[in-house]
Amino acid sequence: MLVEFNHWPTQLENYYRQRGYWIDKPLYDIPDRHRNSDQLALISQNKQYSYRQFNQRIDNLASNIKKRKLELGQTALVQLGNVAEFYIVFFALLKIGIVPLNALFKHQRTELRAYAQQIKPSLLIADRNHPAFSRDDFINELKILCPTLQHIMLVNHENSQDNLIHLIEAGNDNCVATPTEATEVAFFQLSGGSTGTPKLIPRTHNDYYYSIRASVDICHFTSTTRYLCALPAAHNYPMSSPGALGVFYAGGLVVMADNPSPVTCFPFIHDHQITVTSLVPPAVSLWLEAVKQYGHNRMLSSLTLLQVGGAHLSEIIARRIKPELGCQLQQVFGMAEGLVNYTRLDDSEEICCTTQGRPISPDDEVWVADIKGNKLPFGEAGRLMTRGPYTFRGYYLNPQYNQHVFDENGFYCSGDIITQTAQGYITVVGREKDQINRGGEKIAAEEIENILLQHPMIIHTALIPINDPLLGEKSCAYIVSREPIKPEQLRRFLREQGIADYKIPDKVKVVNQLPLTAVGKVDKRALRTQLYIDQQIKGEIE
Ligand code: AMP
Ligand code: DBH
């Protein structure tokens, strides 16, 4: 059975092929290209693998999973942290045509349940070190929720036949590849989302492989690239822009770090002579601070390129990167749905510090729409509309929502407010979607509001962003409750529901009523303005 998804129109498919974007190769080709190379591919914790050893591990796991008689197109829910096994699992599953969804390690039961409900996995790959999987109760719950779920493989599993590490190390056969067709879904990517349920993005081999190859070209990744992966490995940005997959394509080295803090990353950069890494803006601020305080920039001397994306980077911070960290800045504005923009390595300082770059592909169609869907002239701010050779055509099994975010010509409206120059350079000036961007981690307001409304005391609620000097934005929950309620009670309630920590509101404001718009919806704009004024009065922002 194949995973359903919205195809590109045949005419465009043919065009993308003719232009050389779609090469009809499956993604497991990325490490497989180097299967006879003894060059280092991956360093993580106390493990290191050459390309030959990496491919052998992929083959071992692929053959061991194949023995379980899973069928082509069945799905797997995967949750692993920043460890070598993440990539071994990813490529092994692709090699045998199992379609993974990689949850972030920060995700908890609520998110995992929502993913499982949507993809109905046959296989679960996870880690006993994660709170949801330290015991079997949640696994049993998932099995009841998804009767398809028959196979469980865990890091640290007590039984060796279900222990992921054992399944990766055991065996020595080459695995016969049986991937899904390159035109079909390779895996699910996660959307930051703006509605109640987390949305899934089907990514095909053809579209994803193109975005990776083209990114490698733009960012000049080669076999001498040494990349530090310090953001969550499953996220689209460190995975594909050009990310770890780009490095593997080029035959370079990926070093895994647990988190992007200077304390963790600086020694890695020094010890492994890292040449490039990707960060979100709050981490950049911490790096600048660390260098200023401790004069650590000599530890960064091998670093030539720093990619920054995922959230707004202030021009002031952008301009400090080269002089203080001693490396070039590349801004990256992307989305798991597809479109990725980069400032180019030969762009002027001005462009690199004041824009979020331009699209990867000459055939990325990007235009700016006004509120009625009319095209705006260059320089005017409006909605980002896009379609192209690696931008999806619809969320997984969600026709109703798709209708809302795609226009009749298949252009996706990302919810970002941008301006664009005649040369195609984009500046993100705002956001229309009901989302909080907490330093690159996206929170769909409605998802949290729905959970809060399950609390017996809560009558109304609205989650809105507040300005934060480090993270850019934090979240604030406005609450109307039947009886007085303490912020801590609410946070405890949310934690008990099992949601990722970054989604727990940073501030809680209990009020008597929420402002409403003319049609009776909560007026979030009014709330934001009020909060902004409050913050200014308190001197929390300038
Ligand atoms: P996601 O849906 O989680 O893939 O997040 C994609 C969204 O992150 C984009 O639609 C933007 O709202 C935001 N984003 C990503 N990169 C940048 C950037 N460089 N500047 C501003 N916003 C960004
Ligand atoms: O925020 C993102 O989702 C993102 C940022 C930079 C992304 O998906 C990407 C590059 O590919």
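Indexing begins at 1, ligand by ligand and atom by atom, following the structure's order.
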query: Hey, which of Arg491, Arg495, Lys106 is the one that makes salt bridge (Lys or Arg N to Asp or Glu O under 4.0 Å) with Asp501?
result: Arg495
message: With side chain to side chain donor-acceptor pair (under 3.5 Å) as the test, pick out the partner of Arg319 among Glu350, Glu324, Glu349.
response: Glu350
- prompt: So which residues, sorted by chain and number, lie with a heavy atom under 4.0 Å of ligand 2?
  reply: His235, Asn236, Tyr237, Ser241, Gly310, Val332, Gly334, Met335, Ala336, Val340, Lys442
message: By the ring-ring contact (aromatic ring centres under 6.0 Å, His included) test, which pairs, at least two apart or in different chains, include something from residues 238-265?
response: Phe54-Phe248, Tyr87-Phe248, Tyr209-Tyr249
- request: With sequence neighbours excluded, give me every ring-ring contact (aromatic ring centres under 6.0 Å, His included) pair touching residues 334-379.
  value: Trp367-Phe411
Inventory of protein N or O atoms under 3.5 Å from ligand 1 N or O:
residue	atom	partner	partner atom	Å
ligand 1	2 (O)	Gly192	N	3.1
ligand 1	3 (O)	Gly192	N	3.1
ligand 1	4 (O)	Ala336	N	2.8
ligand 1	5 (O)	Lys442	NZ	3.4
ligand 1	8 (O)	Lys442	NZ	3.3
ligand 1	10 (O)	Asp416	OD1	3.4
ligand 1	10 (O)	Asp416	OD2	2.5
ligand 1	10 (O)	Lys433	NZ	2.8
ligand 1	12 (O)	Asp416	OD1	2.5
ligand 1	12 (O)	Lys433	NZ	3.4
ligand 1	14 (N)	Gly310	O	3.4
ligand 1	16 (N)	Gly310	N	3.0
ligand 1	19 (N)	Val332	O	2.8
ligand 1	20 (N)	Ala311	O	3.3

message: Just checking Phe406 against Phe392, ring centres under 6.0 Å apart?
response: yes
- request: Calculate, to the nearest 0.5 Å, the distance between atoms CZ and CD belonging to Phe90 and Glu85 respectively.
  value: 16.0 Å
message: Keeping Lys120 on the side-chain end and Gln117 on the backbone end, is there a donor-acceptor pair under 3.5 Å?
response: yes
query: Under 3.5 Å, side chain of Asn402 to main-chain N/O of Tyr395, donor-acceptor pair present?
result: yes
task: Using a cut-off of 6.0 Å, state whether more than 12 heavy atoms not belonging to Lys25 lie near its atom NZ.
output: no
